[in-house]
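Below: one structure, written as structure tokens.
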Amino acid sequence: MTADTLHALLGRYSVGPKHLVEPGPDDAQLTLMVQAALRAPDHAELVPYRFKLVRGSAKQAMAELFADAARAAGKGEEGAALDAERALRPPITVAVGARIDLGHPLVPAHEQWAAVGGAVSNFLMAAHVLGFGGKMLSGAKVRNPAIAAAFCEPGETLVGWIALGTPARKPSGPARKPDPGQVLIDWHPACKQDH
Ligand SMILES: Cc1cc2nc3c(=O)[nH]c(=O)nc-3n(C[C@H](O)[C@H](O)[C@H](O)COP(=O)(O)O)c2cc1C
């Protein structure tokens, strides 16, 4: 791994929708992001995820779904307009659906979810390397039945949406990460007690 690659890896941070401006990635760049996603570890090559692009006029349809979901959740018209705006603002949004096979004979669900997470992470990392900003978002609306049905095939779970675009500016307070020592721990076998 070159120092440049490591620098890119260590320098990724999420950029939320309100800081994303045009242009979004083009088809070739989106394909690279998906190729990166497909490099994530994936037991038995199940590819338990799908990325659905929301761009152009599809953004308005998503905005209406978001506004309806906000109203169904008891938000007023101001809240509905705010949620609609979240759909319209990013140049491109990518809905992430997970296809978890709960009865798979070899790969338990948690391993399939790990593959989904790896794919999302690689996708975002490729976006960052290509100079784009992005953020994975979900919220209660992923569980809204009309939204879930609009984005998912039967058997899929809507994980959320990746907002994508050109970063207008670096976030003022990027997420703080723990000290690596908190995560990287020497394993020692448990001592066996004599009875
Ligand atoms: C599946 C998933 C859903 C998420 N949903 C939200 C969300 O709805 N709102 C939010 O602020 N962050 C959400 N996050 C976290 C952000 O995407 C982001 O990772 C977090 O703000 C940390 O920033 P960083 O990526 O710069 O470290 C979600 C992350 C994942 C993996």
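Both ligands and their constituent atoms are indexed starting at 1 by order of listing. Bear in mind that the values here come from a model prediction, so they are computed numbers and not experimental data.
For the atom pair CD of Gln35 and CG of Leu30, the computed distance is 11.5 Å after rounding to the nearest 0.5 Å.
Comparing Lys177, Arg176, Met136 against atom 13 (C) of ligand 1, the shortest heavy-atom distance belongs to Met136.
Here's the thing with Ser138: one of its N/O atoms is less than 3.5 angstrom from an N/O atom of ligand 1.
Nearest protein heavy-atom neighbour of atom 11 (O) of ligand 1: Lys135 NZ, 3.5 Å.
Between the Asp83 side chain and the Ala67 main chain, no donor and acceptor come within less than 3.5 Å of each other.
Atoms of ligand 1 lying under 4.0 Å from any heavy atom of Ser14, numbered from 1 in the order shown and given with element: 18 (C), 19 (O), 23 (O), 24 (P), 25 (O), 26 (O). For ligand 1 and Leu137, the ligand atoms under 4.0 Å from any heavy atom of the residue are 5 (N), 6 (C), 7 (C), 8 (O), 9 (N), 10 (C). Of all atoms in ligand 1, numbered sequentially from 1 with element shown, those under 4.0 Å from a heavy atom of Ala175 are 22 (C), 23 (O), 27 (O). For ligand 1, the atoms closer than 4.0 angstrom to any heavy atom of Val159 are 1 (C). Heavy-atom proximity to Gly139, at under 4.0 Å, picks out these atoms of ligand 1: 8 (O). Near Tyr13, with a cut-off below 4.0 Å to any heavy atom, the atoms of ligand 1 are 26 (O). The Arg12 neighbourhood of ligand 1 comprises atoms 24 (P), 25 (O), 27 (O), with distances under 4.0 Å to a heavy atom of that residue.
At a threshold of 4.0 Å, the pair Glu77-Arg71 counts as salt-bridged, since one of the basic side-chain nitrogens sits closer than that to a carboxylate oxygen. Under a 4.0 Å N-O distance rule, the pair Arg55/Asp27 qualifies as a salt bridge.
In the hydrophobic clustering of this structure, Tyr49 groups with Ile92; members are Ile, Leu, Val, Met, Phe, Trp, Tyr whose side-chain heavy atoms approach within less than 4.5 Å, directly or through other members.
Cation-pi geometry between Lys52 and Phe151 is not satisfied (NZ or CZ under 6.0 Å from the ring centre, within 45° of the ring normal).
Between Leu46 and Asp101 the shortest side-chain heavy-atom distance does not fall below 4.5 Å.
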